Amino acid sequence: MTTMLDSYAAVTSKDVIRHLQQLAEPLKDKTVVHVNSTRFGGGVAEILDKLVPLSRELGIDTRWEVITGDSEFYQCTKSMHNAIQGNRIAISDKLLAHFQEVNEQNANQLRAILEEADFVFIHDPQPVALLKYCSNRKGKWIWRCHIDASHPHRGTWRFIHRFVREYDASIFSLPQFVQMLPHPAYIIPPSIDPLSDKNIDLTQNEIEEVRMRFGIESDTPMIAQISRFDRFKDPLGVIEAYKLAKQFIPTLQLVLAGGEATDDPEGEAVLNEVRFAAGDDPNIKILLLPPDAHRTINALQRLADIVVQKSTKEGFGLTVTEALWKGKPVIGGDTGGIRLQVINFHTGFLVNTPEGAALRIRYLFKQTQKMQEMGAKAKDFVRENFLLTRQLREHLTLMVSLQHGGVDRIELS
Ligand code: UDP
């Protein structure tokens, strides 16, 4: 029977899996619990969905618990999420009190498991206060912040800080997101799952079916941006870059694919502006996709010669990772997590303006050999740095290191 580890060995390497096994060895008698607030939907659930069974396969007793709450609680945690990402709106004391009550109720349910566990990973702010209600904890507690906490709303951060400071460590995705805390902060960037529908290899037939479904011309230069219709993703800048590049590449096609924006008034406004800017150009395809269109997105990323992600702000940019994994050079906005992934002349180009993006598009279509080389490097770069196995390796390393306290050197057998 093929195990998950075998499948990952096939896309990474046997060495990667052996390294995981080596790091897992000292953790084999340990119990690990991950806690978040949803089992489906969103990046955290997607990561845990694979990370937890993978670490179980490595012999570590790993569980995933999900807290529950009412609508008032989620209203509070949504505001908290926005406030951590910089929204300047204070949350009422009443909501904050309710937030603590819900955490206490969940702690009452989970206390036995959490207090006994050797390692507890608490994901994002929703369950952050559980620790306060687990005063007899035995193990190490780690707060994993998945969001951009570089400029949080001060009042909200002060509230969260009261809980986070009691943890043994925290994890942020990028160094810029780290806040002052009285414990070690680790940097662990996100990752993609190479075996998910979004990233798995597709047959040429399936890719062709998607091309024909959307009326995309074959053997014609194509660029694509896959993103929510959001101002920070700068779709208007992408259209401007396309129009400039088209002066030199008359057959150029642009695909802008994003989700349907019916429940997001801002998204709908941006989409209208995008439609207006695109006018009646038949070579611009604006695609509205359902939330589960993973294989379609996968195929669109494979159909494109170059993927653009011209964001003006970006936490990490999973769309960039996804595109690089498909061997596509990425022309990305010079911001946030895109800078970690797009290395000029190697995996793509960082740009600040539509003119800059157009110049790089023109360059790559002129230097097709370079385009191929960069695509190959892009894929290797993701294989080395941004696959799920790397994220698991860093989690294991973090646990081994916490287990050994402040020791400088740890020998693994
Ligand atoms: N995505 C999607 N459908 C869309 C647009 C985006 O499934 O219509 C996916 C995309 O493939 C990526 C994620 O949503 O996996 C977006 O993550 P990213 O970090 O790029 O940006 P965010 O939307 O979180 O700001």
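In each ligand, atom 1 is the first atom listed, and ligand 1 is the first ligand listed. On a predicted model such as this, the values are computed, not experimentally measured, just so you know.
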Any N or O on S227 sitting closer than 3.5 Å to an N or O of ligand 1? no
Below a 4.0 angstrom heavy-atom separation, can you tell me which part of K233, side chain or backbone, both or neither, approaches ligand 1? side chain
With a 4.0 Å heavy-atom cut-off (strictly under), which part of I297 contacts ligand 1: side chain, backbone, both or neither? side chain
Should K243 and E240 count as an ion pair when the cut-off is N to O under 4.0 Å? no
One finds that the ligand 1 atoms under 4.0 Å from a non-hydrogen atom of E314 are 21 (O), 25 (O)
Any N or O of L318 closer than 3.5 Å to N or O of ligand 1: yes
Measuring only between side-chain heavy atoms, which start at C-beta, is P127 closer than 4.5 Å to V66? no
Where the closest heavy atom to atom 23 (O) of ligand 1 is concerned, which of Q225, K198, E322, R228 has it? R228
Taking all heavy atoms of C76 and all of L95, pick out the closest pair and write down the distance. SG-O, 3.8 Å
Under 4.0 Å from any heavy atom of G258, which atoms of ligand 1 are there? 8 (O)
Can R144 be said to sit on top of F121's aromatic six-ring, NZ or CZ under 6.0 Å from centre and within 45° of the ring axis? no
Show the atoms of ligand 1 that are less than 4.0 angstrom away from any heavy atom in G259. 4 (C), 8 (O)
Which of the numbered atoms in ligand 1 are below 4.0 angstrom from a heavy atom of G317? 19 (O), 20 (O)
As a quick check of understanding, evaluate ring pair (Phe, Tyr, Trp, His ring centres under 6.0 Å) for F316 and F177, giving each step before the final call. CA-CA 11 Å; F316 181 68; F177 299 170; 9.4 Å; no
Got more than 12 heavy atoms from elsewhere within 6.0 Å of CD, E355? yes
Test: R39 cationic atom under 6.0 Å from W64 six-membered ring centre, within 45° of axis: yes
